[in-house]
J.: 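To start, I am sharing the structure in question, which I have written as structure tokens.
Reminder, nothing fancy here: chain letters follow the sequence lines and each chain counts from 1. These numbers come from the heavy atoms of this one structure, side chains and all, not from hydrogens, waters or symmetry mates. Keep in mind the model is a prediction, meaning the values are calculated, not measured.
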Number of protein chains: 2
Amino acid sequence: MDLEALRLTLALADLGSITAAAARLGLSKSRASQRLQALEQELGVHLFTRTTRAVRPTPDGEHLIQRARPLLAEADELAALFQGPRHLKGKIRVDLPTAFARTAVIPKLPELLALHPQLELELSTSDRRVDLLREGVDCVLRIGPLHESSLTAIRLGILTMANCVSPAYALRYGLPRDLGDLAQHWIVHYSPTLTKEEPAFEHLEGDFISQLPMRSLLTVNSIDAYRAACYAGLGIIQVPRYGAAEDLAAGRLIEVLPAHPAAPMPISIVHPHGRQVPRRVRVFMTWLATLVEPLVS
Amino acid sequence: MDLEALRLTLALADLGSITAAAARLGLSKSRASQRLQALEQELGVHLFTRTTRAVRPTPDGEHLIQRARPLLAEADELAALFQGPRHLKGKIRVDLPTAFARTAVIPKLPELLALHPQLELELSTSDRRVDLLREGVDCVLRIGPLHESSLTAIRLGILTMANCVSPAYALRYGLPRDLGDLAQHWIVHYSPTLTKEEPAFEHLEGDFISQLPMRSLLTVNSIDAYRAACYAGLGIIQVPRYGAAEDLAAGRLIEVLPAHPAAPMPISIVHPHGRQVPRRVRVFMTWLATLVEPLVS
DNA sequence: ACACACTGTCCAGTAAAACTGGACAATCAC
DNA sequence: GTGATTGTCCAGTTTTACTGGACAGTGTGT
């Protein structure tokens, strides 16, 4: 069963003539007749009684028509979803992780805004969980595991992790050679909610995630503070490799225990719109995804 | 946009692999790849980010998937409507005009019931309006104009009319030669509701319907009484030609004023089921329609 | 009553897809 | 590294979609 056949059926019901229906759909009346017969044979029922003067639906035809009409309307709407005006307009409210916004998104923003001059963007950066619905945000980029909710999540990929220390730290404490050395080392404790979790070194043990408890000098709840603590030589941090790559190359950070990275972090877009996503938001999300793509494995 | 492409999209989303999706749909992976690219080009967006190891939907792809899923489910349901078990079973309650049931339907019933041994038919015959919903009737055949309502009506065609008298009438009053003669004649007054309408001779005046008031000896509210009155020589009756054909041929009735027939009567099936018509009812309606077909113009 | 215009169907041939199998570079597992 | 597997590309082949014209049947207009 194909949509074109249904379209023909509806045109036929509306116009009451194969010739007219064929003309509306832009095909020859021979073909229209053929397709109708093919559909009837496929379904095993007669859909229209045909005299030379009128084409009238049978009861079966009538039922097909009644159910096909909303179906086709929905299909057309779906097709129309992806073609609209060339330029976007309106306001989009977005929330991004601080570091990611600064390094990956904001530098590319001028291109997007130049493409869509009527677009207004309201970009907040935070690492805390944002109540999308309450704050009226259109979409957020989330790094880390997702908590299931009524929101729609789209996984963009995963970020591989790296364990890093600063040269100042290496000078004072040395570099760990294996997991056993970690008992003599310090980790910077990242705890978004500042709750009671114990500081630990997370690493992959085959396919499983292990937590190795460690000493910690400092607990922080923001990514910026996390990295700043590392620069200051306060301990090991575990961060996405993409964000550390530049610092590693420049020698501002040193990777340790490369054989024991933390579990890779999923990176996702989350949005509160159900399936009726405004076009401008959809396009923005697509654009965001293209920015993320080169960073993920 | 075609349903198969959407089906591929869904399979792709479920399985995360072009090879696997192609296998599920029973086509080569080359073709699956081609079709995906064709769809992406048609919509003008990338639907999946493809690495050699994983195929993941983009935000656009995710939206398409979410909306395509119910669409396809509905399409499948629609296709399934017309194929079911070969035999029908269950009870069908039908109401037919008395004369039509006796002459056209009941003689053919054995064939239908032989075809579907599990089918129970409850056939009531009446000419009054039946409250389908209250009485739990599955469908009725209605001859005459329809009153719009919440019920679904399917027009099967129109019945051409004939004006008839009995030989007894002709003997006593003679035959009218033209409309002017009717002042000297009698008509049998058919009034389903026995209300205050005046007896009249209905006839076509070009494309318009004219009512010519006439004298009447008797008013009846059932088709059987209507015809009986005519046989008894009480006046002219206006009936569908198909029902009178046999009597006319046998000389039991005589056609008068053949150039001035009453307005042709639409004949329709009316049923209270919305768009969810049980299969047995649908098949019965189709069967009924095939019976009606040779009788209508 | 007659020719006429027009209906839907049938029947060739033709153009256009749908589809396939195999080759290929890229990538992950071992 | 090596091998298996991924998605894509590229030929050729099969299948289908489609067309124009012929046809019988049927209302319309004169």
J.: Is the Phe48(B) to His46(B) ring centre distance short of 6.0 Å?
T.: no

J.: Using side-chain heavy atoms (C-beta onward) and a distance below 4.5 Å, is Val277(B) in contact with His271(B)?
T.: yes

J.: To the nearest angstrom, how far is Glu40(B) atom CD from dG7(D) atom C1'?
T.: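 Interatomic distance, CD of Glu40(B) to C1' of dG7(D): 12 Å.
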
J.: Measure from CD on Gln34(A) to C1' on dC10(C) and round the result to the nearest Å.
T.: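 Roughly 9 Å, once rounded to whole Å.
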
J.: Would you say the side chain of Val239(B) lies within less than 4.5 Å of the side chain of Cys164(B), judging by non-hydrogen atoms?
T.: yes

J.: Check nucleotides 2-6 of chain D for protein N or O atoms closer than 3.5 Å to its own N or O atoms and list the pairs.
T.:
unit_1: dT6(D); atom_1: O4'; unit_2: Thr52(B); atom_2: O; d: 3.3

J.: What integer distance in Å separates Leu39(A):CG from dG8(C):C1'?
T.: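 So the CG-C1' distance, Leu39(A) to dG8(C), works out to 17 Å.
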
J.: For Gln37(B) and Ser28(A), take the nucleotide of DNA chain D holding the closest heavy atom to each; which residue's nucleotide lies nearer the 5' end?
T.: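 Result of the comparison: Gln37(B).
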
J.: Atom CD of Glu42(B) to atom P of dA18(C): distance rounded to whole Å?
T.: 11 Å

J.: Counting N and O atoms only, with roles assigned by atom type, does the side chain of Arg155(A) sit under 3.5 Å from a partner on the main chain of Arg56(B), one being a donor and the other an acceptor?
T.: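 Here the side-chain-to-backbone pair does not exist.
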
J.: Is there a donor-acceptor pair under 3.5 Å between the side chain of Gln41(B) and the backbone N or O of Leu36(B)?
T.: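 No, because the side chain of Gln41(B) does not come within donor-acceptor range (under 3.5 Å) of the backbone of Leu36(B).
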
J.: Between dT8(D), dG22(C), dT9(C), which nucleotide has the shortest distance from any of its atoms to the side chain of Ser30(B)?
T.: dG22(C)

J.: Rounded to whole angstroms, how far apart are CZ on Phe48(A) and P on dT9(C)?
T.: 11 Å

J.: Side-chain N or O of Arg35(B) versus OP1/OP2 of dC19(C): is the shortest distance under 4.0 Å?
T.: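 So the side-chain polar atoms of Arg35(B) do come within 4.0 Å of the phosphate oxygens OP1 or OP2 of dC19(C), strictly under.
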
J.: Donor-acceptor pair, distance only, cut-off 3.5 Å: does the side chain of Glu202(B) make one with the backbone of Ala263(B)?
T.: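 Answer holds: yes.
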
J.: Tell me the interatomic distance from Arg50(B), atom CZ, to dT8(D), atom C1', rounded to whole angstroms.
T.: 9 Å

J.: I need the CG-P distance between Leu25(B) and dA18(C), as an integer number of Å.
T.: 15 Å

J.: For Asp181(A), does its backbone N or O pair with a side-chain atom of Asp178(A) as donor and acceptor, under 3.5 Å?
T.: yes

J.: Provide, to the nearest angstrom, the distance between the CD1 atom belonging to Ile158(A) and the C1' atom belonging to dC28(C).
T.: 13 Å

J.: Does a side-chain N or O of Arg31(B) approach OP1 or OP2 of dA18(C) to a distance below 4.0 Å, or not?
T.: yes

